[in-house]
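In each ligand, atom 1 is the first atom listed, and ligand 1 is the first ligand listed.
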Amino acid sequence: MARKQKTPRWLEAARRKGPEAPVGPRADWLARALGRAGVLPRAGAEQAIRDGRVEVDGRVEKEPFAPVGAGTRVRVDGVEHALTRRVWVLMFHKPAGPVVHGSDPEGVGTVFERLRAVLPPELQGFEWYAVGRLDRDTTGLLLFTNDERLVRHATEPRTHLPKRYVARVEGLPSEAALARLREGVLLEDGPTRPAEAVLRSPGVVVLTLTEGRHHQVKRMLAAVGHPVLALHREGVGRVALDVAEGAFRRLTDAEVTQGLGFPSGEDLPE
Ligand code: URA
């Protein structure tokens, strides 16, 4: 029996609003638009809306999913904010330790907390999404963005964005082991795509993958007999890590469009 699709809450809210609901590529819902515009991160925006601190076109709006458009006038605590939507991408140098998860039951700390601790006030109001995952003990380049479309673009399998890892491994990988990594290794979840694999120094393998499966580098290297001792990511697309551990910087528009292959402009798919 076909399962009944649940109507998204933003669509219910837009239907309630009727023909006045903003439409078009710039339409959004209130809590998300505030997060994308850097006014308040999503959870803070939802709370502020429920608390009656947000006005839309002169009226208090208590529905976080209320539709808004480019021309909507929004005030938070009496201060008017433009809902300007601009894609930001941050390069962050992840240290070993924090998890790339919103929840942290073990209390080890999250990368979101680490990032927020070094962000200037003008970047605190955004909702930041991690672009893909790194294991807790993996260091290196982790991208964050305020736009979920970029997360989807960078992580969906068909994008094949190259990710360059440097792994210190047990033993000294032979040319035959590197050839297996290049051709594809059979893992429990299927064969890996062809990859680049070079020996940078004895026991240090640089592996460039165009897919992102769970623990993929560790599983591939273990499969060829060289378990990983330490793992670091130094590049994503054509963007190479160039900030110190624990620090961040904004990517330029050229790095976003050319380095990550993310289309610019307003005609991006939602
Ligand atoms: N592959 C892994 O095994 N771990 C990571 O953190 C990233 C890729």
**Q** Give the residue, atom name and distance (to 0.1 Å) of the protein heavy atom nearest atom 4 (N) of ligand 1.
**A** D135 OD2, 2.7 Å

**Q** Pull out every atom of ligand 1 sitting under 4.0 Å from any heavy atom of Y165, numbered as shown with elements.
**A** 7 (C), 8 (C)

**Q** H81: what forms a ring-ring contact (aromatic ring centres under 6.0 Å, His included) with it, not counting sequence neighbours?
**A** none

**Q** Using the six-membered ring wherever Trp is involved, compare the ring planes of F144 and F112 and label them parallel, tilted or perpendicular (cut-offs 30° and 60°).
**A** perpendicular

**Q** Judged by atom type as modelled, is there a donor-acceptor pair below 3.5 Å linking the side chain of E211 to the main-chain atoms of R193?
**A** yes

**Q** Are E196 and R164 ion-paired here, with the side-chain N under 4.0 Å from a carboxylate O?
**A** no

**Q** Which ligand 1 atoms does T138 reach within 4.0 Å, using its non-hydrogen atoms?
**A** 4 (N), 5 (C), 6 (O)

**Q** Looking only at distance, does H215 have an N or O less than 3.5 Å from an N or O of ligand 1?
**A** yes

**Q** If the threshold is 4.0 Å, N to carboxylate O, is there a salt bridge linking E255 and R250?
**A** no

**Q** So does R42 get a backbone contact from the side chain of E127, meaning a donor-acceptor N/O pair under 3.5 Å?
**A** yes

**Q** Select one of side chain, backbone, both or neither to describe which atoms of V228 lie under 4.0 Å from any atom of ligand 1, heavy atoms only.
**A** neither

**Q** Can you tell me which portion of Q216 lies within the under-4.0 Å heavy-atom range of ligand 1? Options are side chain, backbone, both, or neither.
**A** backbone

**Q** Could you say whether the N/O atoms of R133 and ligand 1 ever approach to under 3.5 Å?
**A** no

**Q** Considering only protein heavy atoms, which is closest to atom 1 (N) of ligand 1, and at what distance to one decimal place?
**A** V217 N, 3.2 Å

